[in-house]
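Working notes, beginning with the structure itself.
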Amino acid sequence: QVQLVESGGGLVQAGGSLRLSCAASGRTFSSYAKGWFRQAPGKEREFVAAISWSGGTTFYADSVKGRFSISRDNAKNTVYLQMNSLKPEDTAVYYCKATPALTTIAGAVGSWGQGTQVTVSS
C-alpha cells in the first residue's frame with residue numbers, strides 16, 4: 001500500500017553532507033514507521049536509522065549516531081536522512097523502508113524504495 005521513492009544521493013567528499021529524501025504515497029502512510037538502510041557492494045543490507053509514525057521516537061545505528069539525523073514531515077509524506085561528517089565507509093546504496101510499526105522496521109516485512117547511491121570520496 002506504500003510506495004517509496006528515494007532521492008538526494010550523490011558524490012561527496014569525506015566530511016561533507018547530504019540530505020536524502022524518501023517520498024511516500026499510499027493511504028496508510030501517516031501510520032507507518034520509516035527507516036533507512038544501506039547496502040555496500042558485497043555486503044548485506046544494514047540498518048541506519050528509523051523513526052516512528054509520529055516522529056517522536058528515533059533509533060540510529062552506532063556507526064552513524066551523532067552524524068546522521070532522521071526526520072519526517074507527514075504533511076509532505078516525506079522522510080529525510082540528514083547525513084553529516086560523511087566517511088568513505090558510508091558509501092552504499094541507501095534504501096527507505098516503511099512498516100506498520102517501529103518495532104517491525106528491521107523485520108522481514110515492509111515496503112522498500114529502489115534506493116539512491118551515496119558515494120563518499122577520500
Side-chain angles (χ1 to χ4, degrees):
Q1 290 183 311
V2 178
Q3 294 78 48
L4 306 171
V5 180
E6 302 94 336
S7 63
L11 174 64
V12 298
Q13 190 176 11
S17 299
L18 282 174
R19 188 174 79 158
L20 306 184
S21 298
C22 175
S25 62
R27 66 185 70 182
T28 61
F29 171 80
S30 62
S31 65
Y32 273 65
K34 304 295 188 295
W36 287 96
F37 293 73
R38 66 187 183 186
Q39 187 168 23
K43 298 183 179 180
E44 64 184 57
R45 191 170 298 185
E46 66 174 347
F47 168 77
V48 175
I51 189 168
S52 63
W53 71 269
S54 67
T57 304
T58 58
F59 293 97
Y60 298 93
D62 289 341
S63 59
V64 306
K65 198 169 187 177
R67 300 188 298 119
F68 291 11
S69 178
I70 188 171
S71 62
R72 67 188 296 168
D73 186 340
N74 287 343
K76 297 181 179 180
N77 292 332
T78 302
V79 62
Y80 305 96
L81 184 68
Q82 178 66 47
M83 305 185 295
N84 299 322
S85 301
L86 283 163
K87 305 174 181 179
E89 302 94 290
D90 296 319
T91 296
V93 176
Y94 283 71
Y95 298 90
C96 181
K97 184 181 182 181
T99 63
L102 186 60
T103 53
T104 64
I105 196 68
V109 299
S111 299
W112 292 91
Q114 294 300 306
T116 185
Q117 177 71 48
V118 172
T119 303
V120 184
S121 62
S122 300

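Along the sequence shown, the residues carry numbers beginning at 1. Not measured: the values here are computed from a predicted model.
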Practice task
Could you please spell out the steps behind the side chain to side chain contact (heavy atoms under 4.5 Å, CB included) verdict for E6 and Y94?
Solution key: CA-CA 8 Å; E6 302 94 336; Y94 283 71; over 6 Å; no
Problem - side chain to side chain contact (heavy atoms under 4.5 Å, CB included) assessment of M83 paired with R67 - result: CA-CA 6 Å; M83 305 185 295; R67 300 188 298 119; over 6 Å; no
Exercise for the section: Under the side chain to side chain contact (heavy atoms under 4.5 Å, CB included) rule, what do S17 and N84 come out as? Steps first, then yes or no, please. Expected result: CA-CA 4 Å; S17 299; N84 299 322; 2.9 Å; yes
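When all heavy atoms of V118 and G9 are compared, the closest pair comes out as CG2-CA, 4.1 Å. The minimum heavy-atom distance between A98 and V2, with the atom names listed, is CB-CG1, 4.0 Å. Looking at every heavy atom in both residues, A14 comes nearest to S122 through CB-CA, 4.5 Å. What you find for T116 and G8 is that their closest heavy atoms are OG1-N, 4.2 Å. Taking each heavy atom of S21 and T78 in turn, the nearest pair found is CB-CG2, 4.2 Å. Heavy atoms only, all atoms of each residue included: A106 and K97 are closest at C-NZ, 4.1 Å.
S52 pairs with exactly one of T103, I105, T57 by the side-chain contact (heavy atoms from CB on, under 4.5 Å) rule, that one being T57.
For T99, the side-chain hydrogen bond (donor to acceptor under 3.5 Å, both in side chains) test picks out T104, with sequence neighbours left out. For F37, the ring-ring contact (aromatic ring centres under 6.0 Å, His included) partners two or more places apart in sequence, or in a different chain, are F47, W112. R19 is linked by a salt bridge (charged side-chain N to carboxylate O under 4.0 Å, His left out) to nothing, counting only residues two or more places apart in sequence or in another chain.
By the rule that hydrophobic residues join a cluster once side-chain heavy atoms approach within less than 4.5 Å of another member, I51 and Y80 end up as members of separate clusters. Side-chain heavy atoms closer than 4.5 Å link hydrophobic residues (I, L, V, M, F, W, Y) into clusters, and following such links, possibly through other members, connects V120 to L81. V48 and Y95 fall into different hydrophobic clusters, where Ile, Leu, Val, Met, Phe, Trp and Tyr side chains are chained together by heavy-atom contacts under 4.5 Å. Follow the hydrophobic side-chain contacts under 4.5 Å out from W36 and you reach Y60 in the same cluster. Hydrophobic clustering of Ile, Leu, Val, Met, Phe, Trp and Tyr side chains at less than 4.5 Å, counting indirect connections, unites L20 with F68.
Checking side-chain atoms of K34 against main-chain N and O of Y32 turns up a donor-acceptor pair under 3.5 Å. Of the possible donor and acceptor atoms, none in the side chain of N74 sits under 3.5 Å from a partner among the backbone N and O of S54.
Note on residues 55-88: no pairs pass disulfide bond (SG atoms under 2.5 Å apart), not counting sequence neighbours. Sorted by first and then second residue, the disulfide bond (SG atoms under 2.5 Å apart) pairs involving residues 78-122 (not counting sequence neighbours) are C22-C96. Within the structure, disulfide bond (SG atoms under 2.5 Å apart) pairs that include any residue of residues 58-87 do not occur (at least two apart or interchain).
By the 4.5 Å heavy-atom criterion applied to side chains, Q117 and T91 are counted as neighbours.
Remark: Q82 CD to I70 CD1 distance equals 12.0 Å, nearest 0.5 Å. For the atom pair CD of Q39 and CD of E44, the computed distance is 8.5 Å after rounding to the nearest 0.5 Å. Atom OG1 of T58 and atom NZ of K65 lie 8.5 Å apart (nearest 0.5 Å).
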